[in-house]
**Q** 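Before anything else, here's the structure in question.
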Amino acid sequence: MPAEILDTTPRRALVTGAAGGLGREVAIQLAARGCAVAIADINAEGAAETARLVREKGAEAETIVGDFTREGAPEAAVEKVVARWGGIDILVNNAGYGVIEPFLDATYKSWTRTLALNVTALAMACKAAGRVMRDQRSGRIINITSPGSRMALPDYTAYTASKAGVDSITRAAAVALAPYGVLVNSLAPGMMDTEMQRSTEADLARANGRNDLQAFLDERTRRIPLGRRAEISEVAEAVIWLCLDSPKYMTAERLNMSGGLDKD
Ligand SMILES: NC(=O)c1ccc[n+]([C@@H]2O[C@H](COP(=O)([O-])OP(=O)(O)OC[C@H]3O[C@@H](n4cnc5c(N)ncnc54)[C@H](O)[C@@H]3O)[C@@H](O)[C@H]2O)c1
C-alpha cells in the first residue's frame, strides 16, 4: 500500500509571504495535499484571498497579518499556529524583499530593511518553529533563497548578501535540529514572473539606462540554460516535495529550481 495512504498525520504549515507570488502557490498546493495552512504576510487583502483559495481546497486556513520584521513577529506567528493546531510540522520561509540600488549609492535604509526581513526574521522564524519541532521530534523547514546568493550583482547587493545569509542559516539550523529528526533545506527559484520580479527587473532596466524593457527581459531569459522563465507552479511543486516527500536523510541541502542558472 502506498505510504501516503497509511500516513494520516495532520500537517500544520506556516507559509510566510503567502499573500501572492510563490508563497500563495505553495499555500494552495499544501492545502491540496491535505495540510492546514497559516498565511503570514504584511498584505492583509492578499493574505485573505490566499486563505479563501486554501479553504476552496477543503483545508483549514489561518491568516497572520503584520510586518514580519517587527521584533517578536515571527515568534508570535509560530505561537499562533501552535495555539490553533497544537503544533507545527512545516515552515516555509518565503517572505522576501529586495531593492535595486547601485553599490556605490547604497543606503542604510535599504540594507536594514532587506536584512531585517530576509535574514533576521527568517532566522527568528527558524528558531521559533525549530523549538516546537525539536520537542515534537519532527518537522521540516524550507527557506527560499536565490541563485543571486552566489552571484556578484552590484545593483542588488543587499538582496544577494541577504540570500547568502539564508544559505548560512539553513546550514546552521539543519545541524542544530538534526539530532531531533527535523529537516532544514533551502530552494533557489529561477526567474518567476511575480510582482517582486517584475518591479525588480523594471528598476534594473532603468538603473542600466535601458528603456526597451521587453528586449532587456528577453536578453535575461536567453541566459537561462532551459531558455524560459520558471512557472510559479513548478517551483512550488519542488517546495512541496521538500515539505512532504523528500527523503528523511536529506537535510542542509540547497535545491536549484532555476533552469540551469545555478549549477550545483
Ligand atoms: N520571483 C523570482 O523570480 C524569485 C527568484 C529568486 C528568489 N525569489 C524569492 O522567492 C520568494 C517569494 O518571492 P515572490 O517572487 O513570490 O515575491 P512576492 O513579492 O510576490 O512575494 C513576497 C511576499 O512577501 C511579503 N512581504 C514583504 N515584506 C514583508 C514583511 N515585512 N512582512 C511580511 N510579509 C512581507 C509581500 O507582501 C509578498 O506577499 C522571496 O523570498 C524571493 O526573494 C523570487
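This chain uses plain numbering: 1 for the first residue, then up along the sequence. Whatever order the structure lists them in is the order used to number ligands and atoms, beginning at 1.
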**Q** Strictly by modelled atom types, are Asp67 and Thr69 linked by a side-chain donor-acceptor pair under 3.5 Å?
**A**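 There is such a pair (donor and acceptor under 3.5 Å, judged by atom type) between the side chains of Asp67 and Thr69.
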
**Q** Evaluate the side-chain contact (heavy atoms from CB on, under 4.5 Å) criterion for residues Ile42 and Val65: first the C-alpha distance (whole Å), next the side-chain angles of each, then the deciding distance (0.1 Å), finally the verdict.
**A** CA-CA 5 Å; Ile42 200 168; Val65 176; over 6 Å; no

**Q** Where is the nearest protein heavy atom to atom 31 (N) of ligand 1: which residue, which atom, and how far?
**A**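 Result: Asp67 OD1, 2.8 Å.
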
**Q** Geometry only, no angles: is Asn94 polar-contacting ligand 1 at N/O separations under 3.5 Å?
**A**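 Yes.
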
**Q** Would you say ligand 1 has an N or O under 3.5 Å from any N or O of Glu195?
**A**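 Checking ligand 1 against Glu195, no N or O pair falls under 3.5 Å apart.
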
**Q** For atom 33 (C) of ligand 1, what's the nearest protein heavy-atom neighbour? Residue, atom name and distance, please.
**A**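 For atom 33 (C) of ligand 1, the nearest protein heavy atom is Ile42 N, 3.4 Å.
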
**Q** Counting neighbours of NZ on Lys127 that are heavy atoms of other residues, nucleotides or ligands and sit closer than 6.0 Å, is the number greater than 12?
**A**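 Enclosed.
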
**Q** For ligand 1, is Gly190 a contact, meaning one of its heavy atoms is under 4.0 Å away?
**A**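 Gly190 counts as a contact of ligand 1 under the 4.0 Å cut-off.
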
**Q** Can you tell me if Gly66 has a non-hydrogen atom under 4.0 Å from ligand 1?
**A**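 Within the 4.0 Å threshold, so yes.
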
**Q** Working note: Thr194 + Ile232, criterion side-chain contact (heavy atoms from CB on, under 4.5 Å); need CA distance, chi angles, decisive distance, verdict.
**A** CA-CA 8 Å; Thr194 62; Ile232 301 173; 3.7 Å; yes

**Q** Taking atom types as modelled, find out whether Ser149 and Arg254 have a side-chain donor-acceptor pair closer than 3.5 angstrom.
**A**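 Yes.
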
**Q** Salt bridge or not for Glu237 and Arg33, using N-O below 4.0 Å?
**A**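 A salt bridge is absent here (no side-chain N lies under 4.0 Å from a carboxylate O).
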
**Q** Are Asp89 and Arg12 within salt-bridge range, i.e. N to O under 4.0 Å?
**A**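 Salt bridge: yes.
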
**Q** Decide, yes or no, whether a salt bridge links Asp262 with Arg150 under the criterion of side-chain N to carboxylate O below 4.0 Å.
**A**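 Answer for the salt bridge query: yes.
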
**Q** Show which atoms of ligand 1 fall inside a sub-4.0 Å distance from at least one heavy-atom site of Ala19.
**A**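 Those atoms are 39 (O).
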
**Q** Taking heavy atoms and a distance under 4.0 Å, where does Leu117 meet ligand 1: side chain, backbone, both or neither?
**A**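 The answer is the side chain.
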
**Q** Just distances here: any N/O of Tyr97 and N/O of ligand 1 closer than 3.5 Å?
**A**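 N/O-N/O distance under 3.5 Å: no.
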
**Q** Can you confirm whether the side chains of Thr145 and Asp167 place a donor and an acceptor under 3.5 Å from each other?
**A**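 Short answer, yes.
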
**Q** Can you report which non-hydrogen protein atom sits closest to atom 21 (O) of ligand 1, along with the distance?
**A**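 The closest heavy atom on the protein side is Gly17 O, 4.2 Å.
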
**Q** Decide, yes or no, whether a salt bridge links Arg52 with Glu56 under the criterion of side-chain N to carboxylate O below 4.0 Å.
**A**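 A salt bridge links Arg52 with Glu56.
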
**Q** Could you check atom 8 (N) of ligand 1 against the protein and tell me its nearest heavy-atom contact, residue, atom and distance included?
**A**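 Among all protein heavy atoms, the one nearest atom 8 (N) of ligand 1 is Tyr159 OH, 3.6 Å.
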
**Q** Considering only the protein, which heavy-atom contact is closest to atom 20 (O) of ligand 1, and what is its distance?
**A**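 Its nearest protein heavy-atom neighbour is Gly21 CA, 3.6 Å.
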
**Q** With no hydrogens and no angle check, just 3.5 Å: does a side-chain donor-acceptor pair link Ser110 and Glu101?
**A**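 A donor-acceptor contact under 3.5 Å links the two side chains.
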
**Q** Compute the shortest N/O to N/O distance between Met192 and ligand 1 and return yes if it is under 3.5 Å, no if not.
**A**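 Between Met192 and ligand 1, an N or O pair is found under 3.5 Å apart.
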
**Q** Below 3.5 Å, N or O to N or O, backbone or side chain included: is there any such pair between Asp41 and ligand 1?
**A**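 Yes, Asp41 has an N/O under 3.5 Å of an N/O on ligand 1.
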
**Q** Is there at least one pair of N or O atoms, one from Leu22 and one from ligand 1, spaced under 3.5 Å apart?
**A**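 Yes; at least one N/O pair falls below 3.5 Å.
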
**Q** When only distance counts, is Gly23 in polar contact with ligand 1, meaning an N/O pair under 3.5 Å?
**A**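 N/O-N/O distance under 3.5 Å: no.
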
**Q** Could you go through Arg55 and Glu60, starting from their C-alpha distance and side-chain angles, then the distance that decides it, and tell me whether this counts as side-chain contact (heavy atoms from CB on, under 4.5 Å)?
**A** CA-CA 6 Å; Arg55 291 190 190 104; Glu60 287 185 48; over 6 Å; no

**Q** Please determine whether side-chain contact (heavy atoms from CB on, under 4.5 Å) holds for the pair Gln197 and Met191, giving the CA-CA distance in whole Å, both sets of side-chain angles, and the decisive distance to 0.1 Å.
**A** CA-CA 7 Å; Gln197 186 67 15; Met191 288 184 230; 3.6 Å; yes

**Q** For atom 2 (C) of ligand 1, find the nearest protein heavy atom and state the residue, atom name and distance (0.1 Å precision).
**A**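 Among all protein heavy atoms, the one nearest atom 2 (C) of ligand 1 is Gln197 OE1, 3.3 Å.
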
**Q** With backbone taken as N, CA, C and O and side chain as the heavy atoms from C-beta onward, which portion of Thr145 lies under 4.0 Å from ligand 1: side chain, backbone, both, or neither?
**A**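 For Thr145, the contact with ligand 1 is made by the backbone alone.
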
**Q** Only heavy atoms of Met191, strictly under 4.0 Å: list the atoms of ligand 1 that pass.
**A**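 Those atoms are 3 (O).
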
**Q** Does ligand 1 have a heavy atom under 4.0 Å from the side chain of Phe68, from its backbone, from both, or from neither?
**A**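 The answer is both.
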
**Q** Check each heavy atom of Thr194 against ligand 1 and say whether those closer than 4.0 Å belong to the side chain, the backbone, both or neither.
**A**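 For Thr194, the contact with ligand 1 is made by the side chain alone.
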
**Q** Extract all donor-acceptor atom pairs below 3.5 Å that involve side chains of residues 174-186 and protein atoms in other chains or at least two apart in sequence.
**A**
| from | atom 1 | to | atom 2 | distance (Å) |
| --- | --- | --- | --- | --- |
| Asn185 | OD1 | Ala252 | N | 3.2 |
| Asn185 | OD1 | Glu253 | N | 2.8 |
| Asn185 | ND2 | Met250 | O | 3.2 |

**Q** Is Pro189 near ligand 1, meaning one of its heavy atoms is under 4.0 Å from it?
**A**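 So Pro189 counts as touching ligand 1.
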
**Q** Do any heavy atoms of Arg229 fall under 4.0 Å from ligand 1?
**A**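 For ligand 1, residue contact (heavy atoms, under 4.0 Å) with Arg229 is absent.
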
**Q** Checking a contact table here: which protein heavy atom is nearest atom 9 (C) of ligand 1, and how many Å away?
**A**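 Atom 9 (C) of ligand 1 sits closest to the protein heavy atom Ile144 CG2, 3.7 Å.
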
**Q** Is the shortest side-chain N to carboxylate O distance from Arg140 to Asp245 below 4.0 Å?
**A**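 Between Asp245 and Arg140 there is no salt bridge, as every charged N stays at least 4.0 Å from the carboxylate O atoms.
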
**Q** Give me the nearest non-hydrogen protein atom to atom 17 (O) of ligand 1 as residue plus atom name, then the distance to 0.1 Å.
**A**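 Looking only at protein heavy atoms, the one closest to atom 17 (O) of ligand 1 is Met196 CB, 3.2 Å.
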
